[in-house]
Amino acid sequence: MNPIPRPLKATLLFPAAVVTLIVGGLAPGLLPAQTNQSETTNVPAPATVGTNSAPTMPVLQIDAGKVTGRVSPLLYGLMTEEINYSYEGGLYGELIRNRTFKANRTYPVFWDIVGNGVISLDTNQPLNPALNVSLKLDVSKATEDSPAGIVNGGFWGIPIRPNTAYRASFYAKGKHFRGPLTVTMESKDGRTILASATVPKISGEWENYEVTLATGNVDPSKENQLVISTTKPGTFWHRHGTVWFQQVSLFPPTWNNRSYGNRIDLMQRLAAMHPAFLRFPGGNYVEGNTIAERFNWKETVGDISERPGHHSPWGYWSTDGFGLLEFLEWCEDCHMQPVLAVYAGYSLRQQHVDPGPELEPYVQEALDEIEYVTGDTSTKGGGQRAKDGHAAPFELNYVEIGNEDFFDRSHSYEGRFTQFFDAIKAKYPDLRLIATTPVKNRVPDLVDEHYYRSQEEMEAHALDYDQRPRTGPKIFVGEWATRVGSPTPNMAGALGDAAWMTGMERNSDLVIMSSYAPLLVNVSRLTGPDHSMQWRTDLIGYDALTSYGSPAYYAQVMFSTHHGDEILATDSQNISTRDWQAPARRRGGAEQPQPPVQQIRQIFFDATRDSETGTIYLKVVNELGTPRPVKIQISGVTGVDPEGTAIMLRANSPDDTNSLAEPGKIVPVTVSIAVGTDFACELPPYSITILELKTK
Ligand code: AHR
């Protein structure tokens, strides 16, 4: 059983970090305190920018006597979908690729033969209407010296760890073949058997077989395969045997020991982010390329052998082993609120359903889905959920209607949103409903905004929300990322992100939820045929065996685990800026004039306070490549404990990054720092710093 994730001290969150604690002294790179006074002007400070290369020291001012709003408890969450092999070949523990043989209609891709076996797809021996094809293996040439069998190499490898029990299972039926079948986990060259078990007898009808494969004291490795083979060519009387397979599965131990659960290292990384919510199942994944390929939730629940699976819009097959209930259990395991995106009648290839009677079945599908999530066991949906193994209803407060419907060229969203909104509010008046683009006919509780930008664009827009009127719906920044670095963001990406997050946090009375996207990427094969990455710049990278967090991941962890519940007024002087000219855009195929050069800040900050403890969290981003002395002034408090804590993420270059080979190159460090109500310190180059200041 894994421990329940709970808030950790910052120093424990980053085991790879070099943690320096200098009690009563100063951390390296931080200047001694100074006491010069500087004037304070009105708050907030978005428009107050200095001149290029301002010679004077920047001053960051916090008015602790003025609370401008509450930090939303839901500000930091996760967004996820099946992209970049996020679940299949990612979070979902399944180690067998194409376990249901449906990834390709004509050939059993990712499967191969052992010895003289002959394999083919067979639609004449379906397991059931959902898994309506099987893998046929002709074993008639099997011998003691050359067994016949099938082999699968997993998602770019099968991870094998020492002293670990794996559960292998499959459906099989034989004709002129009664077994035995040997199941092995072995090295890719077949020379080393790492674990083995035997299924002694195979029936003539479909049956499920399960064995445990226990490894010994082996080295962790991923260049491995699963083999199911036999030395028997058939029965005694008929020596030309055939065996059919369906749903061949191999599971390692999983988080919270769920039978078809999640990969432990990835869950640890996600739990460390302390996310408040999970937005699922997309993104484009909820929409599908076509209406038929939408996330049809009803086909993703129940026994996994009854789930037909579907093509994800990101170009590969999904078995839907990771279905609606798995998403919800993931929420449960990480103590996140579900933010459920329902299919709203628009799919990516410009297919849409007109509002009115034709849309009704889809509205009903969404209502049924909400009932499955929230209904008690006396309801149809709740009863089905209980049958699927989860009697307790899930708490659901937010439902998003569609995804990025501004792409719908039929402009039908206004009508579709209205129809969904009215039906859901009528049955579930307390649910807060999210529109994916502004609408006029109804007032959504939130509007979802998406931003994928360069570092400079993020920084140029980091103050935008300071100017937003507070009269409309609340904002959910449901997808955003500084897209710098591939496959995962580098330090430039983390700096852009952190600048942007100071803006969201400072305006969290308005921006009540946010989630970086995409969250996960399998980095095994970045380009070329059978690539594992569909979208560059993703928060967490992994292969079959190990994983790492990008610098942007650590920035997220720092922000989400260090903030108060009150937003404090801030102001600033002498913030230096740099020139930046946004690239020219194209509109209607024609290049537009390049926008004029503009000034973007080089320091970003915001301050929050924990109303119970009085601790102030000051977040400061220095995007400059040089150390930056800054003065910090805090008014509205009696005093500040002279010893503060600084949690810092820094790099020598904006291109520096983490990778599978160097997972801990850029990780936060925690140091002690001398502070006060008026002090100076030096921000390291390319750095994100959170100062924890205990007030009196
Ligand atoms: O995050 C990747 C994609 O970007 C999402 O699927 C979609 O909503 C957005 O366009």
Side-chain angles (χ1 to χ4, degrees), residues 76-91 270 273 275 277-291 293-296 310-316 318 322 327 339-352 398-409 413 416-417 434-438 446-454 457-458 475-489 493 496-497 500 513-523 526 531-541 550 552-553 556 585:
Y76 298 105
L78 303 180
M79 185 271 164
T80 172
E81 64 177 316
E82 184 59 275
I83 183 174
N84 301 321
Y85 291 83
S86 286
Y87 315 134
E88 314 249 337
L91 187 64
L270 298 172
M273 295 172 76
F277 67 86
L278 176 71
R279 172 179 176 239
F280 69 89
N284 291 353
Y285 191 55
V286 72
E287 305 166 86
N289 280 333
T290 61
I291 296 172
E293 289 180 357
R294 71 193 183 281
F295 184 82
N296 186 351
H310 75 290
H311 269 291
S312 112
W314 295 104
Y316 56 93
S318 174
F322 206 97
F327 280 111
V339 174
L340 179 68
V342 296
Y343 179 75
Y346 166 72
S347 295
L348 294 162
R349 287 189 189 146
Q350 294 300 323
Q351 292 188 355
H352 80 277
Y398 293 89
V399 169
E400 180 154 5
I401 298 173
N403 178 61
E404 294 191 338
D405 288 84
F406 46 83
F407 281 123
D408 173 10
R409 292 203 285 268
Y413 189 59
R416 289 189 286 110
F417 182 82
I434 305 168
T436 70
T437 189
L446 286 96
V447 176
D448 184 0
E449 299 184 353
H450 294 178
Y451 300 106
Y452 293 105
R453 290 169 161 165
S454 68
E457 284 170 317
M458 274 305 192
I475 306 293
F476 172 27
V477 185
E479 291 181 31
W480 68 271
T482 307
R483 293 192 72 194
V484 191
S486 181
T488 48
D497 286 356
W500 176 249
M513 295 158 81
S514 74
S515 41
Y516 185 102
L519 182 62
L520 298 168
V521 61
N522 188 317
V523 298
L526 299 180
H531 49 276
S532 58
M533 179 176 76
Q534 284 74 48
W535 180 283
R536 63 173 172 77
T537 320
D538 310 286
L539 207 60
I540 297 171
S550 62
Y553 164 81
Q556 291 272 326
R585 301 227 173 262

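Note that ligands are numbered from 1 as they come in the structure, with each ligand's atoms numbered from 1 the same way. This chain uses plain numbering: 1 for the first residue, then up along the sequence.
- In terms of the ring-ring contact (aromatic ring centres under 6.0 Å, His included) criterion, His531 has no residue partners (sequence neighbours excluded).
- Salt-bridge check for Arg453 with Glu479: failed, with every basic side-chain N at 4.0 Å or more from each acidic carboxylate O.
- A salt bridge does not link Glu81 to Arg279: none of the charged nitrogens lies less than 4.0 Å from a carboxylate oxygen.
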- Task: Please step through ring-ring contact (aromatic ring centres under 6.0 Å, His included) for the pair Tyr452 and Trp535, ending with a clear verdict.
- Result: CA-CA 12 Å; Tyr452 293 105; Trp535 180 283; 5.0 Å; yes
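- When heavy-atom distances to ligand 1 are checked against 4.0 Å, the residues falling inside are Glu81, Gly283, Asn284, Trp314, Asn403, Glu404, Tyr452, Glu479, Pro518, Trp535, ordered by chain and number.
- Between the side chains of Asp448 and Thr436, not a single donor N or O lies within less than 3.5 Å of an accepting N or O.
- By the 4.5 Å heavy-atom criterion applied to side chains, Pro281 and Phe327 are counted as neighbours.
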